[in-house]
Amino acid sequence: GGQKTGSTMVAIAASVLWLSWITLHIVEIEVPGSYAIAWIFYIGFVTLVASFRSSVRAEYDINGNPLEDFFATLLVYPSVAIQLETVHMKQGLTTIVPQEPVANGNGATNGHHVNGLVIENGNSAAHQV
């Protein structure tokens with residue numbers, strides 16, 4: 001679905017920005033001044049991840065604000081990445097993976113409906129609706 005594609009695009013863009021930051025610092029050996037462009041890429045990475053973190057906080061109704069998201073990502077992005085990876089587990093959910101809907105005996109799907117997804121607890125799977 002669209003949500004999975006959007007998350008994948010954010011992950012690819014963040015990876016490219018982060019790798020560019022590292023690469024341009026290495027290029028600094030041969031091209032003086034490339035460190036400045038490297039930091040522009042890092043700020044882009046931080047902005048993208050902080051924006052994604054803000055949307056996850058809004059989705060799960062977690063307290064915070066965009067400024068906190070920005071500085072947390074700027075200073076400790078590995079911690080932010082772990083939070084983003086594990087937020088669904090802390091909310092008591094096992095997974096949020098879009099899949100085909102599975103109907104129970106009466107033709108309805110089980111679980112909670114959130115943004116086109118059915119999110120289920122316990123040992124059930126999530127299904128797209």
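Nothing fancy with the numbering, it's 1 onward along the sequence.
W21 CH2 to I37 CD1: the interatomic distance, rounded to the nearest 0.5 Å, is 15.5 Å. Residue F52 holds its CZ atom at 11.5 Å from OG1 of T73, rounded to the nearest 0.5 Å.
Between the side chain of Y42 and the backbone N or O of L74 there is at least one donor-acceptor pair closer than 3.5 Å. With S34 contributing its side chain and L24 its backbone, the two residues share a donor-acceptor pair below 3.5 Å.
Of all heavy-atom pairs spanning R57 and P66, the tightest one is NH2-N, 3.7 Å. Heavy atoms only, all atoms of each residue included: G33 and E28 are closest at N-OE1, 3.1 Å.
Here S54 pairs with D69 under the side-chain hydrogen bond (donor to acceptor under 3.5 Å, both in side chains) rule; sequence neighbours left out. By the side chain to side chain contact (heavy atoms under 4.5 Å, CB included) test, L17 is found to be paired with F41, F45, L48, residues two or more places apart in sequence or in another chain being considered. Residues forming a side-chain hydrogen bond (donor to acceptor under 3.5 Å, both in side chains) with S51 (at least two apart in sequence, or on another chain): none. In this structure, the side chain to side chain contact (heavy atoms under 4.5 Å, CB included) partners of L67, at least two apart in sequence or on a different chain, are N65, F71.
One hydrophobic cluster holds both Y35 and L19 under the rule that ILVMFWY side chains link at heavy-atom gaps under 4.5 Å. By the criterion of side-chain heavy atoms lying less than 4.5 angstrom apart, applied directly or through intervening Ile, Leu, Val, Met, Phe, Trp or Tyr residues, V10 is not grouped with I82; the two fall into different hydrophobic clusters. V80 and I62 fall within a single hydrophobic cluster, where Ile, Leu, Val, Met, Phe, Trp and Tyr side chains are chained together by heavy-atom contacts under 4.5 Å. By the rule that hydrophobic residues join a cluster once side-chain heavy atoms approach within less than 4.5 Å of another member, V56 and I12 end up as members of separate clusters. Using a 4.5 Å cut-off between side-chain heavy atoms of Ile, Leu, Val, Met, Phe, Trp and Tyr, with links allowed through other members, I22 and I29 fall into different hydrophobic clusters.
Sorted by first then second residue, the side chain to side chain donor-acceptor pair (under 3.5 Å) pairs that include residues 74-83, not counting sequence neighbours, are W18-Y77, R53-Q83.
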